[in-house]
Number of protein chains: 2
Amino acid sequence: MANIREVAKLAGVSVATVSRVLNHPERVSDKTRKKIDKIIEQIGFSPNVFARGLNFNRSNTIALIIPDIKNPVYTEIARGVENIAHKKGYNLLLCNTEKDLKKERRYVKMLIDKKIDGVILAHTVLPPEEVKEITNENVKLLLFGFNIINENISSVYSNFKEGAKLAINHLINLGYKNIAYIAGSENHSENRDKTQGFLEAMKEHNIPVHSKHIVQGNDDIDSGYLAALRLSKSEILPDAVFASNDLMAIGAISALKNEGLRVPEDVAIIGYDNIDMADLVEPKLTTVAWPVYKMGVIATRILLEEIESTDEENMAQNIFLHPKLKIRKSCGHEDRVSEIF
Amino acid sequence: MANIREVAKLAGVSVATVSRVLNHPERVSDKTRKKIDKIIEQIGFSPNVFARGLNFNRSNTIALIIPDIKNPVYTEIARGVENIAHKKGYNLLLCNTEKDLKKERRYVKMLIDKKIDGVILAHTVLPPEEVKEITNENVKLLLFGFNIINENISSVYSNFKEGAKLAINHLINLGYKNIAYIAGSENHSENRDKTQGFLEAMKEHNIPVHSKHIVQGNDDIDSGYLAALRLSKSEILPDAVFASNDLMAIGAISALKNEGLRVPEDVAIIGYDNIDMADLVEPKLTTVAWPVYKMGVIATRILLEEIESTDEENMAQNIFLHPKLKIRKSCGHEDRVSEIF
DNA sequence: GTGAAAGCGCTAACAC
DNA sequence: GTGTTAGCGCTTTCAC
């Protein structure tokens, strides 16, 4: 239980001096500093976090709030966040809300109580006012993948409406006419954007949308499976389907194949996210890619900057990255770029 | 900045009494307790974690150390751990070591400094002595998936040697003779066990092992791909391959298909882990399943018990769960149990 | 450049 | 059942 007093005693100085070499080494003479550093090293002293916290009101910890740890998109974000956080000496609390309002709310309270320095919110079911309240508590907030709140809160996001249009336009260019849509959970602004993009793109090309061809999914594989099953049984079989994320697209492929339909010959499928798995299913999934890992990295850099900036000088940053089409096999396009695999 | 003094003042009592309703409510009269509870509620007071930590030397935080967040096995463990931790009021620090000794070492130091209450170690590249040292620091340790240290440290694991034998015996029962092996990274005891199981099973059936048919992988998809590529070019083409995990098995399938080989007709493949993806690739992957999520849950329960137990009364627990064969299509077995999908 | 001491917010021993 | 107060380990102000 080495503490600062012990170091001070061994060095024959006061605790104040030891504290200074810890926090303001330049205010200490070279000689004493070196002596103290050596002793610290020798006895393996490191300052008590709680005592430090009591003084600084900071924890050197950030949190990442995600809805579903089983979705590779979120672990990919986590990978980026963890990487930067660790490099900068921060710890990362992982909060998996499962889209459960109570759980998310409880987490937010816990995080505030813990004096977390910052939060990256990659999905929320909280009402906007409640999200905003987070920032009242001396915890920095970064919105990932959406920015429903306001310009004073930093965010890193992609244009999901644009991405959805990319997908639909691709299908239309390939000649598909009966395009169905498997929607993601509605409480996610990202999904609402995609729906809007889908609708707009269809309208722009004067392609009618059959109400039976819009089916609600829940973001996971199973719901994609079920949704495609439903589509496969509708009066008019769609010739293409856009799934709001890859997990559902993959579930959909599985369902269609089970129903004896060929992808893409009978039904084309396009997804969203470009998760690793997209390249491993049969047929390989054409999808819309967005730089998830990179965005996790950027988000964390911005958040840590804000945390470490000496107060309000820092402007909120709203970073914006574009989606991109990733063409593989599931839409039957022949100009496929060759893949590594 | 509500603090305990303010609550005390509003309630017309001393801070000690407030502290008592927080920590030993039974020692306070019903009347005062209710009054204080109400005020706490009203002004939204919650005790400062740092001050608490300074007294209790506890953080209500545990950590999970994993080697690779991209491997669904580890996110599945994380899901179990997170779930229980959150239910019991603990926060979860996620530490992704990337099998990097320096990074893991740095993490361990950070965790100890942070006065983490406990650690679940799901993979380590640290020498055993260093692992053992963790327990010197008043942080409880739980070993997940291995138990190389000693009986005094709790662990939750599965028998990977047995699992490997299950896989090999399955292949042999199906009549395969030229069985190749894609090994996982050697610094992982789990993989060493599997290698041993492979070797033993082969020996028990007097089946020779060609040295060219053992190829070293690195636990990820790409390395499985590369390994299978190598196997496909060896003088004697194996008729079956056992990959030490599903990720490599899936990479292997991809490679073989690329080489124009049919799975399982030309080469059968069996994996290990039974990740979700195993059911989505073509052909569906036969594999060895172990109850990863459940083990994450159990591990966390044990760890929290140890943390909350009043000292040394608690015996270390070594929980052991068996692997099980999950038969699908990639080995060509006809008695396939029907799947949900 | 250095030391003495107050104070961060809480808990618990001790006194009543 | 309740209050007073020392003390957890550190940082920082104020003297020197």
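Keep in mind it's a predicted model, so treat the numbers as computed, not measured. Every chain is numbered from 1 and lettered A, B, ... according to where its sequence line falls, protein lines coming before strand lines.
Pairs engaging residues 111-139 of chain B under the ring pair (Phe, Tyr, Trp, His ring centres under 6.0 Å) rule: B/H123-B/H188 [sequence neighbours left out]. Counting only residues at least two apart or on different chains, the side chain to side chain donor-acceptor pair (under 3.5 Å) pairs with a member in residues 37-52 of chain A are A/N23-A/R52, A/S46-B/D113. Applying the ring pair (Phe, Tyr, Trp, His ring centres under 6.0 Å) test to residues at least two apart or on different chains, the pairs with a partner in residues 49-87 of chain A are A/H86-B/Y107.
Distances shorter than 4.0 Å separate none of the side-chain N or O atoms of B/S14 from OP1 or OP2 on D/dT4. B/T17 has no side-chain polar atom (N or O) that falls below the 4.0 Å cut-off from OP1 or OP2 of D/dG1.
Atom CD in B/E6 sits about 15 Å away from atom C1' in C/dC10, given to the nearest Å. The CD atom of A/E26 sits 15 Å away from the C1' atom of C/dT2 (whole-angstrom rounding). Regarding B/K9, its NZ atom lies at a distance of 13 Å from the P atom of C/dG9, rounded to whole Å. Rounded to whole Å, the distance from CZ on B/F50 to P on C/dC10 is 12 Å. Atom CZ in B/R33 sits roughly 10 Å away from atom P in D/dT2 (whole-Å rounding). Separating the CG atom of A/L54 from the C1' atom of D/dC8 is a distance of 9 Å, rounded to the nearest angstrom. Atom CZ in A/R58 sits about 20 Å away from atom P in C/dC8, given to the nearest Å. The distance between atom CZ of A/F45 and atom P of D/dG9, rounded to the nearest whole Å, is 10 Å.
Here the nucleotide nearest the side chain of B/N3, chosen from D/dG1, C/dG9, D/dT4, is C/dG9. If you check C/dT2, D/dC10, C/dG9 against the side chain of A/T32, the one that comes closest is C/dT2.
For B/R105 and B/D100, the salt-bridge test fails: no basic side-chain N is under 4.0 Å from an acidic carboxylate O. In summary, A/K103 and A/E98 engage in a salt bridge, as defined by a charged side-chain N under 4.0 Å from a carboxylate O.
In this view, B/F320 and B/Y157, B/H322 satisfy the ring-ring contact (aromatic ring centres under 6.0 Å, His included) rule, not counting sequence neighbours. Checked against ring-ring contact (aromatic ring centres under 6.0 Å, His included), B/F45 has no partners two or more places apart in sequence or in another chain.
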Handout entry: Reading 5' to 3' through nucleotides 11-16 of chain C, protein heavy-atom contacts under 4.0 Å coded B for base, S for sugar-phosphate only, - for none
Key = BBB---
